[in-house]
Amino acid sequence: MEGGVPDADISAFRECLSLSWKNPYVLRLAFSAGIGGLLFGYDTGVISGALLYIRDDFKAVERKTWLQEAIVSTALVGAIIGAAVGGWMNDRFGRRKSIIVADTLFFIGSVIMAAATSPAILIVGRVFVGLGVGMASMASPLYISEASPTRVRGALVALNSFLITGGQFLSYLINLAFTKAPGTWRWMLGVAAAPAILQVVLMFTLPESPRWLFRKGKEEEGKAILRKIYAADEVEAEIQALKDSVALELKESESSEKISILKLLQTKSVRRGLIAGMGLQIFQQFSGINTVMYYSPTIVQLAGFASNQTALLLSLITSGLNAFGSIVSIYFIDKTGRKKLALLSLTGCVLALALLTVTFRETETHSPMISPVETSYFNHTCPGFSATPNPKEWDCMKCLRASPECGFCAAGSNKLLPGACLISNDATKGLCQKDKRAWYTKGCPSKTGWLAILGLALYIIFFSPGMGTVPWVVNSEIYPLRYRGICGGIASTTCWVSNLIVSQSFLSLTEGIGTAWTFMLFGFVAFLGIFFVLIFVPETKGVPMEEVEQMLEERAVHLKFWEKRSTTTQKG
């Protein structure tokens with residue numbers, strides 16, 4: 001069990017499948033712990049669809065962008081705290097108990113959200129769920145890694161990553177299933193309580209991680225579990241390897257207590273590793289991935305699709321492609337190499353974001369005009385439109401931007417014809433839809449809206465197999481063993497904080513500078529990311545850990561990343 005988490009490849013997955021009849025106990029361990037990944041994905045994805053209906057029930061949420069952002073991003077605040085506390089809990093109380101605590105937090109958060117009577121209570125529930133996400137993000141893959149046979153460990157840990165993206169896809173399906181049910185978003189958010197309860201029951205029937213037991217001096221318990229995991233002819237060698245590995249780990253942890261931030265920054269290889277690792281996490285988040293995952297249905301509505309159900313259905317494309325991309329990355333990460341894959345990914349993202357910029361700019365500048373005749377027909381005119389001296393200059397986009405209290409009622413069969421600018425409330429919405437017209441409060445009707453869906457799909461196709469995976473793989477390989485724990489924690493915190501900033505600011509940016517310029521901003525960041533990867537990120541594919549450290553000690557920039565680099569260092 002020594003040597004960290006091996007990379008998953010196709011042969012590992014074939015062997016993993018054979019475990020279903022050779023040793024189903026191992027798969028039971030992995031799938032039981034992997035429910036944490038499923039919950040992680042579900043609770044981060046479900047809010048994107050639930051938000052559409054929360055806005056309908058709580059008018060304060062509909063009219064206050066910062067409140068929508070808070071409902072999404074407070075879970076990330078909880079995740080940052082949960083990840084920090086989860087690291088301590090994993091070492092102090094064990095991986096199994098940490099997963100059970102995470103499930104308890106998932107359950108409490110789901111119940112609070114489902115029963116919320118105000119946005120404030122809903123936010124409290126999101127914090128609890130976030131705490132569970134933060135703990136599960138550390139405990140589940142760690143448990144799977146430490147309770148899996150070495151040869152299939154990478155594949156089983158990758159299974160957890162797939163379950164995260166699978167959980168996001170499942171959340172969209174659940175959102176669609178409950179669009180017609182009374183309570184809509186309450187069911188969407190409350191359903192997460194069921195798998196949390198299931199995992200608690202399963203985890204009570206499973207053992208603790210053998211590595212943790214060895215670290216705590218409970219070797220006999222650890223040996224008993226290893227005998228269930230490994231074949232009889234392998235188990236003694238694995239027991240000895242684990243003993244040696246834990247002894248080395250304990251020795252390293254004793255010396256790591258003296259590590260300070262100053263010492264990290266003064267060590268050249270660690271400093272350069274942190275620049276590469278943290279930089280990748282920053283570019284991963286600031287190129288906009290989680291705006292797509294958290295706000296995908298809202299983005300679809302901004303592109304001109306008014307119906308909540310249509311927005312959710314089209315958003316299935318992005319979540320499905322994201323899940324598919326996580327599988328594709330397992331094959332390409334070792335075949336293509338980390339650096340090349342990241343560069344291909346970022347280049348594709350720049351092109352996709354350019355398409356989104358052009359599409360949304362077209363939507364914003366060619367929206368249907370406002371007809372005074374159509375508007376007066378409803379007798380619920382938007383106050384801003386009533387007071388304007390130049391009604392002929394108003395179009396749908398100007399109507400929506402005039403005030404959160406304004407909405408656009410499209411013309412009948414042809415939505416691109418002039419429509420009405422009305423007060424946004426349930427009564428007006430009902431009158432508009434009674435005439436079989438579409439009601440818009442986020443985006444405007446557009447003949448190019450389908451291009452936005454294509455742009456989102458292309459963005460995910462390029463992002464998921466590359467920048468969705470590469471930052472995590474590089475961060476697991478780039479730091480010297482004695483600094484790996486603290487540096488990995490710094491990089492992970494960088495990811496969560498960047499995620500929080502982007503998700504908390506996205507809707508405000510779309511209102512402040514427009515959706516088109518917001519995507520252009522993400523595209524500019526992705527473009528800068530190409531140069532960052534070229535200059536600061538070394539290729540770690542197939543390079544032993546000690547040689548990665550040696551590579552970072554050297555200053556030379558290897559711009560010809562497609563050529564195989566010599567792993568031998570010349571001494572002068």
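We count residues from 1, following the sequence as given. Because the structure is predicted, anything quoted here is derived from the model rather than measured.
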Taking the side chain as C-beta and beyond, is there a heavy-atom pair between Val61 and Leu122 under 4.5 Å? no
Any donor-acceptor pair under 3.5 Å linking the side-chain atoms of Ser73 with those of Gln504? yes
Just wondering, more than 12 heavy atoms not from Lys97 lying within 6.0 Å of its NZ? no
Separation between CG (Asp43) and CZ (Phe106), nearest 0.5 Å, reads 5.5 Å
- Message: Please check: side-chain N/O of Gln168 versus main-chain N/O of Gly45, any donor-acceptor pairing under 3.5 Å?
- Response: no
To the nearest 0.5 Å, atom CE of Met188 lies from atom CG of Leu51 at 11.0 Å
Rounded to the nearest 0.5 Å, the CG atom of Asn499 sits from the CD atom of Gln281 at a distance of 10.5 Å
In Ser503, Cys495, Pro471, the residue satisfying side-chain contact (heavy atoms from CB on, under 4.5 Å) with Gln285 is Cys495
Fill in: Derivation and outcome, ring pair (Phe, Tyr, Trp, His ring centres under 6.0 Å), residues Trp88 and Phe93
CA-CA 8 Å; Trp88 170 78; Phe93 301 106; 5.5 Å; yes
In short, Phe107 meets Ile197 closest at the heavy-atom pair CE1-CD1, 3.5 Å
inquiry  = For a 4.5 angstrom cut-off between non-hydrogen side-chain atoms, does Val133 reach Trp496?
reply    = yes
**Study point:** Exercise: do Ser296 and Thr318 side chains pair donor with acceptor under 3.5 Å
**Key:** yes
Check: Does the side chain of Gln68 reach to within under 4.5 Å of the side chain of Tyr295, using non-hydrogen atoms?
Finding: no
Notebook entry, point to check: Are the side chain of Lys223 and the backbone N or O of Ile239 linked by a donor-acceptor pair below 3.5 Å?
Noted result: no
query = For Tyr172 and Ser48, does a side-chain donor sit closer than 3.5 Å to a side-chain acceptor?
reply = yes
For Ile478 and Ala276 the tightest heavy-atom approach is CD1-CB, 3.7 Å
*Just do the side chain to side chain contact (heavy atoms under 4.5 Å, CB included) check on Leu67 and Arg55 with the steps written out, would you?*
CA-CA 10 Å; Leu67 204 49; Arg55 291 198 313 239; over 6 Å; no
Rounding to 0.5 Å, atoms CD1 (Ile317) and CZ (Phe169) come to a distance of 10.5 Å
Heavy-atom nearest pair, Leu39 first then Pro195, reads CD2-CG, 3.6 Å
Got a donor-acceptor contact below 3.5 angstrom from the Tyr459 side chain to the Ile289 backbone?
-> yes
Q. So, does Ser345 use its side chain to make a donor-acceptor pair with the main chain of Leu341 at under 3.5 Å?
A. no
If you count every heavy atom of other residues, nucleotides or ligands that lies below 6.0 Å from Phe214 atom CZ, does the total exceed 12? yes
Can a side-chain donor-acceptor contact be found between Asn322 and Ser464 if the only test is distance below 3.5 angstrom?
yes
For Tyr143 and Ser209, the nearest pair of non-hydrogen atoms, with its separation, is CE1-N, 3.9 Å
Between Thr205 and Arg28, does any side-chain donor sit less than 3.5 Å from a side-chain acceptor? yes
inquiry  = Evaluate Ile99 against Gln199 for side chain to side chain contact (heavy atoms under 4.5 Å, CB included), listing each step before the verdict.
reply    = CA-CA 8 Å; Ile99 292 172; Gln199 189 174 37; 3.6 Å; yes
Please check this pair: side chain of Arg126 against backbone of Val72, looking for a donor-acceptor N/O pair closer than 3.5 Å. yes
With no hydrogens and no angle check, is any side-chain donor or acceptor of Arg338 less than 3.5 Å from a backbone partner on Val470? no
Does any N or O in the side chain of Ser287 come within less than 3.5 Å of the main-chain N or O of Gln284, such that one atom is a donor and the other an acceptor? yes
Heavy-atom nearest pair, Ser110 first then Val129, reads N-CG2, 4.0 Å
Q.
With heavy-atom distances below 4.5 Å as the criterion, would you say the side chains of Tyr42 and Val191 are in contact?
A. yes
Checking Arg186 against Met113 for the side chain to side chain contact (heavy atoms under 4.5 Å, CB included) test, could you report, in this order, the C-alpha distance in whole Å, the side-chain angles of both residues, the deciding distance, and whether it holds?
CA-CA 7 Å; Arg186 298 183 187 278; Met113 289 189 298; over 6 Å; no
Interatomic distance, CG@Leu316 vs OG@Ser171, rounded to 0.5 Å, equals 9.0 Å
**Study point:** Trp187 side chain to Ala177 backbone, donor-acceptor under 3.5 Å
**Key:** no
In this structure, CG of Leu313 is separated from OG1 of Thr179 (nearest 0.5 Å) by 10.0 Å
Does Thr291 reach the side chain of Val502, with side-chain heavy atoms less than 4.5 Å apart?
yes
Donor-acceptor contact present, side-chain Glu208 to main-chain Leu213, <3.5 Å:
no
### Task
Evaluate whether atom CZ of Phe58 has more than 12 neighbouring non-hydrogen atoms of other residues, nucleotides or ligands under 6.0 angstrom away.
yes
Taking the six-membered ring for Trp, are the ring centroids of Phe178 and Trp185 within less than 6.0 Å of each other? no
- Close side-chain approach of Glu236 to Arg227, heavy-atom, < 4.5 Å: yes
Going through the distances and angles, do Leu344 and Phe462 end up as a side chain to side chain contact (heavy atoms under 4.5 Å, CB included)? CA-CA 8 Å; Leu344 289 171; Phe462 282 110; over 6 Å; no
query: Is there side-chain contact between Phe286 and Ile501, with at least one heavy-atom pair below 4.5 Å?
result: yes
Mind checking whether Asn175 and Val46 have side chains closer than 4.5 Å, heavy atoms only? yes
For Ala50 and Leu189 the tightest heavy-atom approach is CB-CD2, 4.0 Å
